[in-house]
Amino acid sequence: MASLNVGNLGEYLREQRRNAQLSLRQLADAAGVSNPYLSQIERGLRKPSAEVLQQVAKALRISAETLYVRAGILDAERDGEERRREGATRAVILADPTLNERQKQVLLQIYESFRKENGFGIGEPAQDPGEGTAEEPAGGTDAPSDTDVRGTRTAGGSDAGPRRTTG
């Protein structure tokens, strides 16, 4: 049964709880909140914290983001635009034919670390669904290896000079 757009967090939660065929007490227990508190949320008497909404969403097996938007914690339009920009940036990096796969993954890691440093991307996956995760290179840095970027080694151990990698 599709959920109706009821426009109110409490009514929406009640509808989702009923769709899941849970009593108020069962949902309260599953979410780790008190029965009276959950009842007050459903009746619109209390505005729950993001943490409580996350617990309730997990118990209902629904998106916490949906509850955040309904509770006014997230702005759906602004958040959607932010996700589109982030997705476009990732797509450009992944589509660049001049970078090899390792370089693309390192660049995505750096991009994500800057987003987190600036307060964006918190709680969002570092990779788009279906993308592999980049593992950290040996030595504990995100820098590509010498042979990936800097050049090839000669028999004497010196660099033969910069080279362009394909991949």
Could you grab the distance from atom CD of Glu51 to atom OG of Ser49, nearest 0.5 Å is fine?
-> 4.5 Å

Mind checking what makes side-chain hydrogen bond (donor to acceptor under 3.5 Å, both in side chains) contact with Arg18, not counting sequence neighbours?
-> none

Spacing of Gln26 atom CD and Gln21 atom CD [to the nearest 0.5 Å] | 10.0 Å

Do you know the tightest heavy-atom contact between Gly10 and Asn8?
-> N-OD1, 2.7 Å

Between Ala59 and Ala31 the two heavy atoms that sit nearest each other are CB-N, 3.9 Å

Quick one: are Pro48 and Leu67 in side-chain contact, heavy atoms under 4.5 Å?
-> no

Atom pair CG/CG of Asn35 and Leu24 - distance to nearest 0.5 Å | 4.5 Å

Quick one: pull up CZ in Arg25 and OG in Ser34 and give me the separation to the nearest 0.5 Å.
-> 10.5 Å

Give, for atom CG of Leu53 and atom CZ of Arg70, the distance between the pair rounded to the nearest 0.5 Å.
-> 12.0 Å

Non-hydrogen side-chain atoms of Glu112 and Lys116 separated by less than 4.5 Å = yes

Give the cluster check for Leu22 versus Leu38: same hydrophobic cluster or not, with ILVMFWY residues linked at side-chain heavy-atom distances below 4.5 Å.
-> yes

Flag, side chain of Thr89 to backbone of Arg85, donor-acceptor distance under 3.5 Å = yes

Is any side-chain heavy atom of Leu107 less than 4.5 Å from a side-chain heavy atom of Gln103?
-> no

Step through the shown structure and confirm whether more than 12 heavy atoms of other residues, nucleotides or ligands are within 6.0 Å of CD on Gln55.
-> yes

Would you kindly confirm whether Val33 and Leu27 end up in one hydrophobic cluster when ILVMFWY residues are joined by side chain heavy atoms under 4.5 Å apart?
-> yes

Output for pair (Leu60 CG, Gln16 CD), nearest 0.5 Å, gives 7.0 Å

Could you walk me through whether Ile41 and Val52 pass side chain to side chain contact (heavy atoms under 4.5 Å, CB included), step by step?
-> CA-CA 10 Å; Ile41 294 169; Val52 168; 4.2 Å; yes

Taking every heavy atom of Gln54 against every heavy atom of Tyr68, the minimum-distance pair comes out as CB-OH, 3.5 Å

Do any N or O atoms from the side chain of Lys104 and from the backbone of Leu94 form a donor-acceptor pair under 3.5 angstrom?
-> yes

